[in-house]
Amino acid sequence: MTESKLYEFWQSVVGVDEDESWSEPADLVFLFQNFRPHGQGVERILNGFWGARQMLPRLLEVYKATASGWDARPVAFDYFLVTEPTHIDDSRVEELIRSYLDKMKRMAEEINYRQTASNLSVVERVQIVRAQDAPHSLDLSRTEDLLYAMQSDFFSLTPSQPSELWLLEPALYSMANDNPLTYHLLWPLKAKGSSVEEPFLPYFELWKHAVTLRLDADRATAYIPA
């Protein structure tokens with residue numbers, strides 16, 4: 001199936017009646033919002049393409065984590081947010097953070113991003129803050145900036161499994177505007193290109209509990225809804 005036919009196919013699945021056929025990545029933004037709250041029928045987007053069997057359970061977990069806080073308002077293009085998270089112990093949060101940082105450091109080493117690996121190595125302290133709201137600063141620390149750049153470059157530089165599902169990256173990102181979440185959903189297409197097993201799974205577990213993670217020079221801070 002050609003790329004143009006894929007866009008038209010996905011448009012037909014969601015039944016969007018528009019004057020023009022979908023033809024570019026921007027047309028896929030908010031695609032997965034059409035299957036809220038429980039993801040019923042979303043398998044039709046994936047079926048028949050390489051990696052569908054591995055990607056579908058990940059997608060359904062996103063729907064499950066966000067379903068209870070969703071309401072069917074006229075505006076359907078809401079981001080997937082965990083608004084009613086289940087409790088998670090502080091010790092589990094710290095365990096997940098340390099696992100995530102270790103996996104990110106190993107990914108950085110795989111593509112020889114030494115500065116990123118070095119910066120992650122000195123993040124030794126974990127602070128856990130239970131608060132009503134996490135800080136909403138858009139300013140990234142140097143460590144965060146290096147980490148996000150490394151994650152993006154890792155996906156560009158390492159081998160990937162060819163699949164039509166790569167075209168869905170804009171749709172996956174528009175679910176929550178969250179790069180690590182997007183990479184977790186796409187990981188089945190990338191797994192064979194890395195020796196690091198499920199590097200974004202710890203982040204995803206934090207995300208499902210509405211934990212916001214921020215990194216400073218030597219400290220990781222987790223903000224958990226009170």
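These figures come from a predicted structure and were not determined experimentally.
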- Note on the structure: In short, Ser21 meets Asp27 closest at the heavy-atom pair O-OD2, 4.5 Å
- Contacts of Gln151 meeting side chain to side chain donor-acceptor pair (under 3.5 Å) (sequence neighbours excluded), chain-then-number -> Tyr100
- Taking only residues two or more places apart in sequence, or in another chain, which ones meet Arg58 in a side chain to side chain donor-acceptor pair (under 3.5 Å)? His184, Glu198
- Task: Not counting sequence neighbours, which residues clear ring pair (Phe, Tyr, Trp, His ring centres under 6.0 Å) with Phe35? List them please.
- Result: none
- Message: Do Glu169 and Thr182 have side chains that approach each other closer than 4.5 Å (heavy atoms only, starting at C-beta)?
- Response: yes
- Work out which heavy atom in Leu31 is nearest to a heavy atom in Ala171; give both atom names and the distance. CB-CB, 3.8 Å
- Minimal non-hydrogen separation, Ala210 against Pro225, with atom names: O-CD, 3.3 Å
- Note on the structure: Tightest non-hydrogen contact, residues Ser160 and Phe155, listed as OG-O, 4.2 Å
- Rounded to the nearest 0.5 Å, the CG atom of Leu101 sits from the CG atom of Leu96 at a distance of 11.0 Å
List the atom pairs, donor and acceptor, that lie under 3.5 Å between side-chain atoms in residues 103-113 and the rest of the protein, sequence neighbours left out.
unit_1 : atom_1 : unit_2 : atom_2 : d
Lys103 : NZ     : Glu197 : O      : 2.7
Lys105 : NZ     : Glu109 : OE2    : 2.8
Glu110 : OE1    : Ser194 : OG     : 3.0
Glu110 : OE2    : Ser195 : N      : 2.9
Glu110 : OE2    : Ser195 : OG     : 2.4
Asn112 : OD1    : Arg114 : NE     : 3.0
Tyr113 : OH     : Asp153 : OD2    : 2.7

- Message: Tell me every residue that passes ring pair (Phe, Tyr, Trp, His ring centres under 6.0 Å) with Tyr63, counting only those two or more places apart in sequence or in another chain.
- Response: Phe80
- Name all pairs fulfilling the ring pair (Phe, Tyr, Trp, His ring centres under 6.0 Å) condition that reach into residues 207-226, sequence neighbours left out, sorted by first residue then second. Phe204-Trp207
- Query: Can you find a heavy atom in the side chain of Ile224 that is under 4.5 Å from one in the side chain of Asp90?
  - Reply: yes
- Task: Could you label the plane-to-plane angle of the Phe49 and Phe9 rings as parallel, tilted or perpendicular, counting under 30° as parallel and over 60° as perpendicular?
- Result: perpendicular
- Query: For residues 135-152, which residue pairs qualify under salt bridge (charged side-chain N to carboxylate O under 4.0 Å, His left out), counting only residues two or more places apart or in two chains?
  - Reply: Glu144-Arg214
- Message: So, using side chain to side chain donor-acceptor pair (under 3.5 Å) as the criterion, who are the partners of Gln127 when residues are at least two apart?
- Response: Arg219
- Residues at least two apart in sequence or cross-chain that pass side chain to side chain contact (heavy atoms under 4.5 Å, CB included) with Asp218, listed by chain then number, are Arg125
- So CG of Leu189 and CD of Gln54: to nearest 0.5 Å the spacing works out to 8.0 Å
- Kindly compute the distance separating CD (Glu24) from CD (Glu3), expressed to the nearest 0.5 Å. 10.5 Å
- Item | Close side-chain approach of Thr83 to Thr66, heavy-atom, < 4.5 Å | no
- Closest approach of Val93 to Ala222 (non-hydrogen atoms, all atoms of both residues): CG1-CB, 3.7 Å
- Trp166 and Lys190: which non-hydrogen atoms are nearest, and at how many Å? CH2-CE, 4.3 Å
- Note on the structure: Cluster membership besides Leu146, Ile/Leu/Val/Met/Phe/Trp/Tyr side chains within less than 4.5 angstrom, sorted by chain and number, is none
- side chain to side chain donor-acceptor pair (under 3.5 Å) involving Ser4 - partner list, sequence neighbours excluded: Thr2
- Item | Counterpart residues, salt bridge (charged side-chain N to carboxylate O under 4.0 Å, His left out), relative to Glu164 (two or more places apart) | none
